[in-house]
Amino acid sequence: MYFRRSMRFADIDAKWQARWDSLEAYEVVEDPQRPKYYVLDMFPYPSGAGLHVGHPLGYIATDIIARYKRHQGYVVLHPMGFDSFGLPAEQYALRTGIHPAITTENNIARYTAQLKRIGLGYPWRRAVRTSDPSYYRWTQWIFLQLFSHWYDKKQQKARPISELEAIFARSGNIGVEAATSYEGIFDAATWAQWDWAQRQRVLLHYRLAYVQESLVNWCPALGTVLANEEVRDGLSERGGHPVYRIPMRQWFLRITAYADRLLAHLEELDWPEAIKEQQRYWIGRSEGAYIDFLAQTPTGQTARIRVFSTRPDTLWGATFLVLAPEHPLVETLTDAAQREAVAQYRQMAQNRLERDRLASSGKPTGVWLGTYAEHPYTGEKLPIYISDYVLMGYGTGAIMGVPAHDGRDWAFARHFGLPIRSILADVSVEGGAYESREGRLINSDFLTGLSVSEAIQVISQRLAMDGKGGPAVQYRLRDAVFSRQRYWGEPFPIVWRGDIPIPLSEDELPVELPPIEKYEPTGDGRSPLARLESWVKQADGTLRETDTMPGWAGSSWYFLRYTDPHNPHALADPEKLRYWLPVDLYVGGAEHAVGHLLYARFWTHFLYDIGISPVKEPFRKLVNQGMILGRSILIYKRKDAPTFVSADLIPESERSAYLPVRVEVSLVEDTQVDIEGFRRWMPEYKDAEFVRNAQGSFHGEPLIEKMSKSFHNVVTPDALCEQYGADAFRLYEMFLGPLTHTKPWDPRGIQGTYQFLRRLWRFLVGEEEGDEAPLQLSEAEPTSVELRLLHTLIKRVTEDIERLSLNTCVAHFMSFLNEMQRLGCRKRAIWKPFFVLLEPFAPHIACELWERSGESGFLWEMAWPEWSEEYLREETITYPVTINGKLRFHLEVAEETPLEEIQEKVRTDARLVKYLNGKVIQKIIVVPRKIINVVAV
RNA sequence: GCCGAGGUGGUGGAAUUGGUAGACACGCAGGACUUAAAAUCCUGUCGCCCGCAAGGGCGGUACGGGUUCGAGUCCCGUCCUCGGCACCA
């Protein structure tokens, strides 16, 4: 009986899901007459493992918001699609020879079925996938736009490269303030002399998409280059293979051009402070100054070493210079006697993995070049070192060592016996550097007597005046590597003529990814596409680019495509973009804090500059859903024998004699393990001995940890939906706790929401009714108590949805049902609005109850009920009375009783005397409708 | 080390601007129905103490201070957990 009845929820699910599909209930069309709401889930990568219960947490929340907003009259866009290019499908192809397109197709089908099973109301006709040529055609198009634009710092926007060519023809690059890696200066005459190839080489330094030879993270095992964020401790994040730094020609996007804007616009975003802070740090703006030091090379020439410092005021405290080992001047500045030692150090630094560098952090290393630089004002000789604590990629790759006021410099100076010289009055630098900016300068020529901030101003100006440097701003942010030597990604719309990249024209798009037979990397760093000569070699002698784009290419603009997903003529219709953007609510995991979210912002700013995106910032409000942790079960095996012992029989002191083994959670009921199931599941233990407890059962021990296949603690939504129905599953996901918190998945807990729906069903439909039994609601007038409970519910649920407190909404529904059961209320006037309130959370059962109660129309289109304060009012208010803050008794007064009268009632209350203990009442504080506090001394 | 979030019963959590701490559930215990189990229903469930009982007292939101008539909530200090970053000049 239990089994048959529980199946009914699954039947109801199927009925309504089929109906929504056939009605296309969740497709959406723009309506300029009504307000829009765009709610978005982070783009999933369709992995082979399918969804576990952690994934849909955010999807269910946004589905509830979307349905709620729809009831409120908004035109709601809540789309879903797939980020379907990526390494896992390619690595699967390497193992199996199955084309990534097929793997991806299968995985998407599985994901889609799982998402539909949960009753998520997506407009599936709008689904996009990044690996579809009709989609990546526009990813390639955006790349072409980046390639054909440069960033004008004066106008603070991207401009067409043709305008830059016109400027160069008119006046060279003098006066051009651009985001560029070009360092030379040329005039119009020089530009006119250059041939086409030379001009292209120069322009490439200005384009927002450009190529550059650079040190990259080369991972031989994956046969590919990794982004910095994909490398952890010198190992690849995926697979944990060693990574080496080698030079390679790479595509880059000039995100640094947008650093200032990406930083400044964070202010206006309704995002969690943690994410904003991470982006601020990632962009890492720091103000300071360039300072030029002159140095004599061993051959008697003069070299200029430019350093960057955020503390130019400490110039008189500098006692040495340090260059990054890769710094281009190291070669020329090295004295013959030091050549060997320097070469060795550079060799080591280059191949040294980050892992090793971290392991030895704290112990300074470095080598003196054997030469000196001259202090720009005192002329003092400062020794020049190289050390790997100075990074080539940040600032100028050179620093002045000020040991008195920088901790790392201090450690370095101590280690090499260099002088430590404070330039701040009354400061001790014996035990360590004084890094605070408090104090007055001493021994600093024209800076002496100034405060730190004054001195920074003065020296910065003075350096600029003297031609020895000047104020400067540096960013931690680097340009983003945009090349991947992989197959399963977007091909570049680029061909090469010699060393010059040439963009294809728009009408040649999309450049389709050709089929290949071997997925192995070529081993020399090029992508598998390089083997396809027929594809690479063009009739005109040019060669196709064989790199493909990284995973974040397609995901940096997908939210734009959803507004007009099948438009063959444009990225999207401008009208539709204007209607839908920005995204009003974006929900996803915090792991995308700096990667995806920064790139998507960058692309949107760029597309805004060139008139495509109507907004600069794509995501107005962002919410990070918390992780759902799994509950693993450990059972204990004797280390010395194939014997498992029930966990409750092992005292703490004997634990060390046992080895914990994780059991597949589906073989466990609470902590009790199905031994036969375990033997079948893990045949290597099929003959093991199991020691049961006195009750004859065998127990494991629970452990809360990340949900992962390797921990055997994965719970999938599919089985839960079959057993309890999609609605119980949805409610439980929400009931677990606040959306943003990390929380464990307790498999027993779903009983609670399941029980709630069963009680609701039994209360309204009845115990043993047949499948088609209608719902007999009473037409009687509701009482004031019933109305008060209903309107309280409306108010609570509405307010809680608004602040995304969905767990408390579920609790309110439960309390409401408890009350109605107690009152025996089955009145239509009460339950009809309830069904609307319930629909966003439990759409299947709500729709079924709505239909059975004889209501017409589609429940999901009904207006959201509004509460009315007049029903919330009670005739009497029960005040808690506290004496000096301690709760003593309750006092009931009529609603509109004046303050004085309430105070009088308290003062004369017989119960008061007993608690006063002879104390004298000082005053009586009445907080209207809340509390009464008697102050007595 | 730095940045961010957090610490409330056996468990997940609630308490929206300072106003009855522990809502709503899970689990557990006891009971009803049943030959029995499942399912369902009822009762209890922060700790300690007094009472046969109804009921009452004291303590309690990581720890130590403070502000306030009143603090889980605000302020100062300490400890712990989780997430992120890591030689950024």
Side-chain angles (χ1 to χ4, degrees), chain A residues 1-3 5-6 272-278 280-282 284-286 288 307-312 314 322 354 357-358 360-362 364 387-391 393-402 406-409 411-412 474-478 590-591 593-594 624 626-627 670 702 704 731-732 735-738 740-753 755-756 758-759 762 767 796 799-800 802-803 805 807-815 818 878-890 922-927 929-937:
Chain A
M1 201 42 144
Y2 155 68
F3 187 65
R5 220 187 278 132
S6 73
E273 196 48 40
I275 299 287
K276 288 202 209 180
E277 201 47 46
Q278 278 181 59
R280 279 189 205 111
Y281 177 74
W282 195 259
R285 182 191 153 96
S286 52
V307 307
F308 174 71
S309 173
T310 52
R311 292 289 303 278
T314 61
V322 187
E354 201 149 329
R357 289 178 58 167
L358 282 171
S360 66
S361 75
S387 173
D388 61 8
Y389 83 92
V390 177
L391 310 173
Y394 184 75
T396 59
I399 62 154
M400 59 177 187
V402 185
D406 180 282
R408 292 171 314 252
D409 294 348
F412 192 83
Q474 283 291 335
Y475 295 94
R476 187 180 174 275
L477 184 72
R478 316 285 165 76
E591 65 274 19
V594 279
N624 286 126
M627 222 192 326
D670 193 0
I704 304 299
L731 287 175
Y732 184 52
F735 191 59
L736 228 39
T740 54
H741 285 199
T742 294
K743 55 229 162 198
W745 180 268
D746 182 345
R748 294 166 298 188
I750 196 171
Q751 285 296 334
T753 55
Q755 249 27 291
F756 160 69
R758 301 263 333 260
R759 276 196 297 128
R762 265 200 321 274
E767 190 73 46
R796 284 184 174 160
E799 290 179 348
D800 285 1
E802 286 291 343
R803 62 188 178 102
S805 176
N807 52 328
T808 50
C809 288
V810 180
H812 300 327
F813 287 133
M814 291 171 167
S815 300
N818 291 346
T878 305
Y879 278 101
V881 180
T882 61
I883 295 166
N884 292 333
K886 260 192 200 0
L887 176 70
R888 291 308 183 182
F889 57 89
H890 290 90
Q922 295 275 303
K923 59 176 161 179
I924 297 174
I925 297 165
V926 179
V927 184
R929 318 188 75 87
K930 286 250 163 88
I931 200 167
I932 296 167
N933 190 25
V934 179
V935 186
V937 181

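Because the structure is predicted, anything quoted here is derived from the model rather than measured. In the text below, chain A, chain B and the rest are named by the order of the sequence lines, each starting its count at 1. No hydrogens, no waters, no symmetry mates; every other heavy atom, side chains included, goes into these values.
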*Asks:* Compare the minimum distances between each of B:rC41, B:rC26, B:rA89 and the side chain of A:Gln751, then state the nucleotide with the smallest one.
*Replies:* B:rC26
*Asks:* Can you tell me, in whole Å, how much space there is between the P of B:rG6 and that of B:rA15?
*Replies:* 14 Å
*Asks:* Tell which nucleotide pairs with B:rG4, taking only Watson-Crick or G-U wobble pairs whose two distances are both under 3.5 angstrom.
*Replies:* B:rC82
*Asks:* Once you round it to whole Å, what is the distance between C1' of B:rC2 and OH of A:Tyr281?
*Replies:* 8 Å
*Asks:* Take nucleotides 5-18 of chain B nucleotide by nucleotide from the 5' end and write B, S or -, depending on whether a protein heavy atom sits under 4.0 Å from the base, only from the sugar-phosphate, or from neither.
*Replies:* -------BSSSB--
*Asks:* What integer number of Å spans the P atoms of B:rG30 and B:rU17?
*Replies:* 42 Å
*Asks:* Pair A:Tyr281, A:Val594 - check side chain to side chain contact (heavy atoms under 4.5 Å, CB included), show working.
*Replies:* CA-CA 10 Å; A:Tyr281 177 74; A:Val594 279; over 6 Å; no
*Asks:* Roughly how far apart, to the nearest Å, are B:rA89 and B:rA5 at atom P?
*Replies:* 22 Å
*Asks:* Which pairs, protein N/O on one side and nucleotides 61-70 of chain B N/O on the other, fall under 3.5 Å?
*Replies:*
| from | atom 1 | to | atom 2 | distance (Å) |
| --- | --- | --- | --- | --- |
| B:rC69 | O2' | A:Asn933 | ND2 | 3.0 |
| B:rC69 | O2 | A:Asn933 | ND2 | 2.6 |

*Asks:* Taking atom types as modelled and ignoring hydrogens, do the side chains of A:Tyr732 and A:Asp746 form a donor-acceptor contact shorter than 3.5 angstrom?
*Replies:* no
*Asks:* Roughly how many Å apart are B:rA21 and B:rC46, using the P atom of each and rounding to a whole number?
*Replies:* 15 Å
*Asks:* Quote, to the nearest angstrom, the P distance that separates B:rU78 from B:rG1.
*Replies:* 12 Å
*Asks:* For A:His812, which contact category applies under a 4.0 Å heavy-atom criterion: base, sugar-phosphate, or nothing?
*Replies:* nothing
*Asks:* About how many Å separate NZ of A:Lys743 and CE of A:Met627, when rounded to the nearest 0.5 Å?
*Replies:* 11.0 Å
*Asks:* Give me the atom names and distance for the closest heavy-atom approach of A:Asn624 to A:Pro272.
*Replies:* OD1-CG, 3.7 Å
*Asks:* Remember a base hit wins even if backbone is also touched, and classify A:Arg280 as base, sugar-phosphate or nothing at under 4.0 Å, heavy atoms.
*Replies:* nothing
*Asks:* Please report the interatomic distance CE(A:Met400) to OG1(A:Thr314), rounded to the nearest 0.5 Å.
*Replies:* 3.5 Å
*Asks:* For B:rG30, what is the paired nucleotide under Watson-Crick or G-U wobble rules, both distances under 3.5 Å?
*Replies:* B:rC42
*Asks:* Using Watson-Crick or G-U wobble geometry with both distances under 3.5 Å, which nucleotide pairs with B:rC74?
*Replies:* B:rG66
*Asks:* Can you tell me how far the CD1 atom of A:Ile925 sits from the NZ atom of A:Lys930, to the nearest 0.5 Å?
*Replies:* 14.5 Å
*Asks:* Provide a list of protein-nucleic acid N or O atom pairs under 3.5 angstrom, restricted to nucleotides 58-60 of chain B.
*Replies:*
| from | atom 1 | to | atom 2 | distance (Å) |
| --- | --- | --- | --- | --- |
| B:rC58 | OP2 | A:Arg888 | NH1 | 3.4 |
| B:rG59 | OP2 | A:Lys886 | NZ | 3.2 |

*Asks:* Is a side-chain N or O of A:Arg929 found less than 3.5 angstrom from the main chain of A:Val927, in a donor-acceptor match?
*Replies:* no
*Asks:* Across all strands, who's sitting opposite B:rC48 as a Watson-Crick or G-U wobble pair, both distances under 3.5 Å?
*Replies:* B:rG57
*Asks:* Considering non-hydrogen atoms only, spot the tightest contact between A:Ala593 and A:Gln278 and give its length.
*Replies:* CB-OE1, 3.3 Å
*Asks:* Between A:Thr396 and A:Val927, just flag the one whose closest nucleotide in RNA chain B comes earlier from the 5' side.
*Replies:* A:Val927
*Asks:* Once you apply a heavy-atom cut-off of 4.0 Å, does A:Asn818 come out as touching a base, just sugar-phosphate, or nothing?
*Replies:* sugar-phosphate
*Asks:* Can you tell me which nucleotide in B:rA86, B:rC26, B:rA23 comes closest to the side chain of A:Ala811?
*Replies:* B:rA23
*Asks:* 5'-most contact on RNA chain B: A:Arg759 or A:Met814, nearest heavy atom basis?
*Replies:* A:Met814
*Asks:* Specify the closest pair of heavy atoms between A:Ile931 and A:Pro880, including all atoms of both residues, with the distance to one decimal.
*Replies:* CG1-O, 3.5 Å
*Asks:* Out of the candidates A:Ile932, A:Val926, A:Asn933, only one should pair with A:Val881 under the side chain to side chain contact (heavy atoms under 4.5 Å, CB included) rule; please name it.
*Replies:* A:Ile932
*Asks:* Among the candidates B:rC87, B:rC85, B:rC26, find the nucleotide nearest to the side-chain atoms of A:Arg748.
*Replies:* B:rC26
*Asks:* Check every strand shown and say whether A:Thr753 touches a base, only sugar-phosphate, or nothing at a heavy-atom separation below 4.0 Å.
*Replies:* nothing
